[in-house]
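Notes to accompany the following structure.
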Amino acid sequence: MQLRNRLAQTYDWYRRYIYSLLSFRRPPPLIFSHAPRYAHSLITQPPRPTHLPFDLQIEVTTTCNLRCIMCYGTMPMPPARHLRFDAFQRVVDQIPNLYRVVPQGIGEPLLNPDLMAMVDYAARRGCAVDFHTNAMLLTEARATRLIDDGLAALTVSIDAATAETFEAIRPGSRFAQIVENLERLRDMKRARRARFPQLRFHVVAMKPNLAEMPDILRLAHRLDVEMVIISPVYAAAPSMEPLTVSPQEWQDLRQLDDLARELGLALHFTIREVEELANGAAAPLLWPSDPLPRSAEPAATPPASEPTPRASSVRRRAPCRYPWTSMYVGVNGDVHPCCASLASGGYKLGNVFEAPVNEIWWGEKYQAFRRRMTDAAAPWPDPCAVCPLVGKLASAATTEDQRGAPTSLPSSSLA
């Protein structure tokens with residue numbers, strides 16, 4: 001039964017996710033001619049890939065209209081700033097093989113007045129464009145633009161099925177307004193017979209909303225949502241520790257599989273290996289209270305050169321694809337390996353407003369970061385130390401290493 005559920009869930013995830021990436025208005029430029037090089041990078045994980053990133057997340061604003069209790073926005077925020085369209089265009093134009101653009105970061109993307117122009121520009125280039133939103137500002141005019149401009153997917157943060165719970169989790173929100181906005185988007189898509197944008201829910205599982213999970217799935221079904229993504233809350237501050245779910249509570253959420261299948265929803269857990277937690281296996285999920293060993297270098301300054309290998313150094317397989325496929329660009333132009341680096345205090349690899357993208361991507365700092373990811377003798381970089389997805393696999397590898405097994409990690413398809 002567990003194997004059947006796992007296969008069904010995995011099939012639904014890839015069927016919908018990859019379909020959304022490949023169903024462009026026209027084929028993305030150079031994606032097929034670059035495919036062999038992409039595959040080579042993912043398999044061999046070289047310090048210097050032979051291609052530029054083909055997945056770009058670019059922060060378009062540092063402001064938000066809500067003060068969610070589990071969000072980084074509850075912590076000290078950078079100065080309010082929007083990314084201008086010309087700056088967005090300048091970055092995108094430097095990556096000819098780009099096929100996916102995610103215009104989002106810490107803030108609410110719909111607050112940026114240039115967002116619609118950014119979506120339209122990237123989509124006209126053949127890129128799949130998607131972003132997360134709290135949908136408070138999803139007016140009829142904006143919904144019309146997103147449909148017309150070719151947005152591939154819209155992921156809405158929905159953490160409850162009742163107004164009382166939702167508005168307690170997301171202060172400043174109005175649950176009824178969000179549902180009304182999504183109902184209007186659903187009706188507009190039906191009237192136009194539009195397949196896109198695909199609508200997805202992202203749910204942060206925490207103590208206050210566990211009882212409402214089945215109703216969240218039923219709400220998703222009513223709104224024509226195609227996928228529900230569930231992630232455990234990450235305790236970015238001590239005050240958030242009471243929100244975290246236990247391994248057993250996370251395991252219990254797998255009971256939603258049958259309901260999701262009955263409703264025709266693709267249900268994806270960002271951390272899937274939950275059966276081992278309940279069974280007490282030796283490959284535990286890295287929970288926020290169990291951080292990985294961090295490096296000795298300051299978080300904001302990665303090493304400028306390859307770390308000195310130990311005599312017993314063994315090459316490991318990095319449990320993450322981002323250093324070889326993706327780039328995160330902050331609103332100020334700072335380049336990070338992924339969004340997790342923001343939680344570790346920042347891990348700057350360059351700035352796209354000070355140097356070309358190709359010089360940063362192929363530069364020594366990025367190469368050193370990739371080497372550390374694949375060097376079993378090197379400590380994990382700080383961004384990886386605070387990432388629950390990488391941490392889960394790294395923790396499993398450490399356990400196996402302590403048992404005398406090889407330190408190499410299995411390949412991962414984490415998105």
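As a basis for the values below, the full set of heavy atoms in this structure was taken, side chains included, without hydrogen atoms, waters or symmetry mates.
Side-chain atoms of T50 and H40 include no donor-acceptor pair closer than 3.5 Å. At a cut-off of 3.5 Å, with distance as the only test, no side-chain donor of D114 or Y121 sits close to an acceptor on the other residue. Side chain to side chain, T133 and E108 meet the donor-acceptor criterion of an N or O pair below 3.5 Å.
Checked against F54 for a ring pair (Phe, Tyr, Trp, His ring centres under 6.0 Å), the options Y322, Y38, W361, W324 give a single hit: Y38. V129 pairs with exactly one of L146, V119, L154, D120 by the side chain to side chain contact (heavy atoms under 4.5 Å, CB included) rule, that one being V119. Each of Q255, R254, R261 was checked for a side-chain hydrogen bond (donor to acceptor under 3.5 Å, both in side chains) with D257, and the lone residue meeting it is R254.
Put simply, the side chain of T62 gets close to the backbone of R81: a donor and an acceptor are under 3.5 Å apart. Within the 3.5 Å criterion, the main-chain N or O of A152 finds no donor-acceptor partner in the side chain of Q198. A donor-acceptor pair under 3.5 Å links the side-chain atoms of Q45 to the main chain of A318, judged by distance alone. At least one donor-acceptor pair closer than 3.5 Å links the side chain of E59 to the backbone N or O of I106. Side-chain N or O atoms of N358 include none that pairs as donor or acceptor with a backbone N or O of L52 at under 3.5 Å. With K365 contributing its side chain and I360 its backbone, the two residues share no donor-acceptor pair below 3.5 Å. Remark: side-chain polar atoms of R142 are paired, donor with acceptor, to backbone N or O of L137 under 3.5 angstrom.
Salt-bridge check for E364 with R371: passed, with a basic side-chain N closer than 4.0 Å to an acidic carboxylate O. Using a 4.0 Å cut-off between charged nitrogen and carboxylate oxygen, D375 and R372 do not count as a salt-bridge pair. Taking a cutoff of 4.0 Å between a charged side-chain nitrogen and a carboxylate oxygen, D224 and R186 do not qualify as a salt bridge.
Side-chain contact between R370 and P49 is present, with at least one heavy-atom pair separated by less than 4.5 Å. Between W380 and M373, some side-chain heavy-atom pair lies under the 4.5 Å cut-off. Between F88 and V101, the closest side-chain pair of non-hydrogen atoms falls below 4.5 Å. For the pair F353/D334, no side-chain contact is recorded, criterion being any heavy-atom separation below 4.5 Å from C-beta on. Under the 4.5 Å side-chain criterion, counting only non-hydrogen atoms from C-beta, N209 is in contact with M213. Considering only heavy atoms from C-beta on, I95 stays 4.5 Å or farther from R125 through its side chain. Annotation: side chain of L98 is not in contact with side chain of P53 (no heavy-atom distance under 4.5 Å).
Across all non-hydrogen atoms, the minimal contact from I178 to A135 is CG2-CB, 4.0 Å. Taking all atoms of both residues into account, the shortest heavy-atom contact from F131 to V102 is CA-CG1, 4.4 Å. For V203 against V228, the heavy-atom pair with the smallest separation is CG2-CG1, 4.0 Å. Closest heavy-atom contact between C64 and L111: CA-CD1, 3.7 Å. Across all their heavy atoms, C68 and R170 have their closest contact at SG-NH1, 2.9 Å.
With sequence neighbours excluded, the residues satisfying side-chain hydrogen bond (donor to acceptor under 3.5 Å, both in side chains) with R145 are D149.
Taking the six-membered ring where tryptophan is involved, the planes of H132 and H202 are perpendicular, since the angle between them exceeds 60° and thus also 30°.
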**Q.** Pair L185-I147, side-chain contact (heavy atoms from CB on, under 4.5 Å): steps then yes or no
**A.** CA-CA 9 Å; L185 177 62; I147 294 174; 4.0 Å; yes

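More than 12 heavy atoms of other shown residues, nucleotides or ligands fall within 6.0 angstrom of atom NE2 in H82. The neighbour count for R84 CZ, taken as heavy atoms of other residues, nucleotides or ligands under 6.0 Å away, does not exceed 12.
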